[in-house]
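Quick note: numbers below take in every heavy atom, side chains included, and nothing from hydrogens, waters or symmetry partners.
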Amino acid sequence: MREVFVFLPKRTGTIVIVFIVCLFLRASVVQSKESAGVLRAGTAKIDITPEKSVKMAGYSSRTGLSTDVHDPLSARVVAFENNGKRFVLVSTDLIGFTGGTAERFRKAILDEFKLEPSELFLSAIHTHAGPSPTIDEKEGHPHNLEYTKTLETKLVEVIRKSLNNMSPVQTGAGVGYSPVGANRRELTFDSVGNSSIKLGRNPYGPTDKEVLVMKLAKPDDTTIAVLFDYATHATCLGGKNYVISGDVLGLAEQFVEKILGQEVIAPAFAGASGNIDPWFRVLPEFNTEPGWVPEPVLLGTMLGEEVVHVLREIGKVSGGGEINPPDERRIKTAFVTLELPGKPRNQVTMEKDCPATALNITAARVGDIAFVGIGAEVLTEIGMSIKAASPNKHTFVVSHCNGSAGYLPPEHLYIQGGYEINSSPFAPQAADIVVKQATAMLCGL
Ligand SMILES: [Zn+2]
């Protein structure tokens with residue numbers, strides 16, 4: 001009996017100790033789950049329409065200044081944060097960050113917000129009906145120099161706003177398809193039957209028709225942002241047009257925001273669109289004939305409607321908030337600058353070899369949605385290869401991101417020649433290096 005009395009308290013003590021240990025272990029598991037934190041995001045938008053007439057970007061034959069504005073240009077930002085790790089996506093209604101502006105703006109933004117290089121995607125939708133950003137004091141028009149300074153201030157301002165209005169979000173993604181973009185490498189024959197590739201329309205050529213949509217919503221499922229990625233140049237309008245516009249991608253953004261309400265932002269990202277133009281391309285103006293829907297508006301609306309269709313199919317989202325597994329809230333980013341081989345002298349009519357060209361590649365992942373930013377005009381075959389090799393369910397391929405190194409064509413097109421090949425600084429093998437690098441970065445996230 002005595003022994004039993006002694007034994008029972010001992011056993012109870014063991015049970016209590018085991019219980020406490022279990023509690024401790026459970027608490028630490030809960031803590032490690034909580035340490036994955038909540039996925040938060042902030043959004044902001046700012047008008048970047050030029051206030052004065054400016055030199056317009058994209059066509060060297062166009063020498064005059066802009067005469068009018070058809071629709072406003074904007075910069076849109078979605079900033080993500082999880083456990084102190086940030087990822088800032090910027091979409092601007094511009095041609096790109098040419099003439100040293102990518103380095104300058106990136107430095108200003110990274111310094112101001114203490115971001116890592118991999119945490120910033122500074123991208124442009126590549127409208128050819130917008131201003132030409134420049135910091136070239138000698139060559140740049142005074143209005144463009146002034147515009148570019150203001151633009152830098154506005155980009156910092158809009159990013160600050162997005163970082164300051166963060167709240168918990170849920171994310172979701174879906175895929176649609178659109179015929180708005182068409183391969184522009186048209187095979188033509190001269191009078192004696194010699195073939196060449198000219199810029200035109202090649203409905204049989206490879207075209208990535210995917211419209212990738214990411215929905216960002218508050219925990220109560222209120223949509224706050226709709227990000228979409230589509231591979232087309234924003235070039236419904238050509239070098240004879242002097243009216244400012246976001247062109248097809250800018251008009252698609254504006255359409256989505258008009259339908260969903262102005263509290264929602266709809267940043268577009270130009271996919272791998274180096275050889276893709278809108279179905280109606282390089283037109284001289286907005287057609288004002290009675291009854292005619294101007295082509296940039298028609299195609300922008302068509303793309304915007306597909307974005308809204310996909311958004312509505314995504315429905316109620318999950319994936320970022322407290323109730324979801326930690327991995328779906330996690331942000332990962334990576335950044336490299338590659339030195340890619342230049343085009344050899346004998347490749348096309350060139351007097352000397354192109355030097356090696358630096359190319360920035362940025363990769364990021366928010367849950368199961370990935371992003372690859374490439375600082376060049378990537379031809380569509382390359383984007384499709386990256387998407388096919390990506391380990392992620394959805395992969396945004398973003399051209400004109402964090403740099404503007406020129407056209408990047410796939411190797412097999414060099415034999416055909418054509419505009420993108422002739423103006424590319426890269427050797428034929430550069431594209432394969434980029435695809436392998438981007439894939440390795442995505443797999444490492
Ligand atoms: Zn282009």
- Give the C-alpha distance, both sets of side-chain angles, the deciding distance and a yes or no for ring-ring contact (aromatic ring centres under 6.0 Å, His included) between Tyr59 and His128. CA-CA 8 Å; Tyr59 303 102; His128 284 44; 5.3 Å; yes
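- Asn275 and Glu377 form no side-chain donor-acceptor contact under 3.5 Å, judged by distance and modelled atom types alone.
- Taking a 6.0 Å sphere around NZ of Lys258, one finds it holds 12 or fewer heavy atoms contributed by other residues, nucleotides or ligands.
- With hydrogens and angles ignored, the 3.5 Å screen pairs a side-chain donor or acceptor of Glu306 with a backbone N or O of Tyr177.
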- Task: Decide yes or no on salt bridge (charged side-chain N to carboxylate O under 4.0 Å, His left out) for Glu285 and Lys240, but give the supporting numbers first.
- Result: CA-CA 7 Å; Glu285 59 193 355; Lys240 294 198 168 83; over 6 Å; no
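- Residues Asp277 and Arg281 share a closest heavy-atom pair of OD2-NE, 2.6 Å.
- Taking 4.0 Å as the cut-off between side-chain N and carboxylate O, Arg76 and Glu257 count as a salt-bridged pair.
- Using a 4.5 Å heavy-atom cutoff, the side chains of Phe371 and Thr395 are not in contact.
- Under 3.5 Å, the side chains of Thr222 and Asp220 contain a donor-acceptor pair of N or O atoms.
- Lys343 contributes a side-chain N or O that, together with a main-chain N or O of Ser424, makes up a donor-acceptor pair within less than 3.5 Å.
- Leu73 has its side chain within reach of Pro50: a pair of non-hydrogen atoms, C-beta onward, lies under 4.5 Å apart.
- Not one N or O on the side chain of Tyr230 forms a donor-acceptor pair closer than 3.5 Å with the backbone of Asp208.
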- Verify ring-ring contact (aromatic ring centres under 6.0 Å, His included) between Phe87 and Phe121, making sure each step is shown before the conclusion. CA-CA 8 Å; Phe87 164 42; Phe121 274 55; 5.2 Å; yes
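- Panel note: side chain Ser273, backbone Ala270; no donor-acceptor pair is recorded below 3.5 Å.
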- Query: Where do Glu81 and Arg40 land on the salt bridge (charged side-chain N to carboxylate O under 4.0 Å, His left out) test, with the steps shown first?
  - Reply: CA-CA 5 Å; Glu81 189 270 337; Arg40 300 191 307 146; 3.0 Å; yes
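- Rounded to the nearest 0.5 Å, atoms CG (Asn402) and CZ (Phe97) are 9.0 Å apart.
- Here the closest heavy-atom approach between residue Pro267 and residue Ser91 is recorded as CB-CB, 3.7 Å.
- Among all heavy-atom pairs drawn from Pro131 and Val54, the shortest one is CB-CG2, 3.7 Å.
- Side-chain contact between Phe280 and Leu299: present, with at least one pair of heavy atoms (C-beta onward) separated by less than 4.5 Å.
- Contact between Thr98 and Pro133 at its shortest, heavy atoms only, is OG1-O, 3.8 Å.
- Aromatic ring orientation, Tyr407 versus His233: parallel (interplanar angle below 30°, classes split at 30° and 60°).
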- Task: Show the numbers, then the answer: is there a side chain to side chain contact (heavy atoms under 4.5 Å, CB included) between Ile125 and Thr92?
- Result: CA-CA 6 Å; Ile125 62 166; Thr92 57; over 6 Å; no
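- The closest side-chain heavy-atom distance from Thr357 to Leu359 is not below 4.5 Å.
- In this structure, Arg185 contributes its side chain and Leu199 its backbone to no donor-acceptor pair below 3.5 Å.
- Residue Phe335 comes nearest to Arg106 through the heavy atom pair CE1-NH2, 3.6 Å, listed as atom of the first residue, atom of the second, then distance.
- Remark: the backbone N or O of Gly250 is not paired with any side-chain donor or acceptor of Asp71 at under 3.5 angstrom.
- Between Pro168 and Leu39, the closest side-chain pair of non-hydrogen atoms is not below 4.5 Å.
- With hydrogens and angles disregarded, a donor-acceptor distance shorter than 3.5 Å links the side chain of Asp247 to the backbone of Leu237.
- Expressed to the nearest 0.5 Å, how far NE2 of His394 lies from CZ of Arg365 amounts to 13.5 Å.
- Of all heavy-atom pairs spanning His126 and Ile95, the tightest one is ND1-O, 2.7 Å.
- Counting heavy atoms from C-beta outward, Trp292 and Thr288 have side chains that stay 4.5 Å or more apart.
- Other residues, nucleotides and ligands contribute at most 12 non-hydrogen atoms within 6.0 Å of the CD atom of Glu51.
- Glu411 places no side-chain N or O within donor-acceptor distance of the main-chain N or O of Gln429, the cut-off being under 3.5 Å.
- Within a 6.0 Å sphere centred on NZ of Lys154, heavy atoms belonging to other residues, nucleotides or ligands number more than 12.
- Side chains of Asn144 and Ser132: a donor-acceptor N/O pair is absent below 3.5 angstrom, by distance only.
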- Hey, mind stepping through Asp221 and Lys215 against side chain to side chain contact (heavy atoms under 4.5 Å, CB included) and telling me if it holds? CA-CA 10 Å; Asp221 202 38; Lys215 172 179 170 178; 3.4 Å; yes
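- Atom CD1 of Ile276 sits about 4.5 Å away from atom CG of Asn183, to the nearest 0.5 Å.
- Remark: side-chain polar atoms of Asn82 are not paired, donor with acceptor, to backbone N or O of Lys85 under 3.5 angstrom.
- With contacts defined as side-chain heavy-atom distances shorter than 4.5 Å, the pair Thr148/Phe105 qualifies.
- Side-chain contact between Asn194 and Phe189: absent, with no pair of heavy atoms (C-beta onward) separated by less than 4.5 Å.
- Side chain of Ser53 to main chain of Thr67: no donor-acceptor pair is present (N/O by atom type, distance under 3.5 Å, no hydrogens or angles).
- Classification of Glu116 and Arg86 as a salt-bridged pair fails, no side-chain N sitting under 4.0 Å from a carboxylate O.
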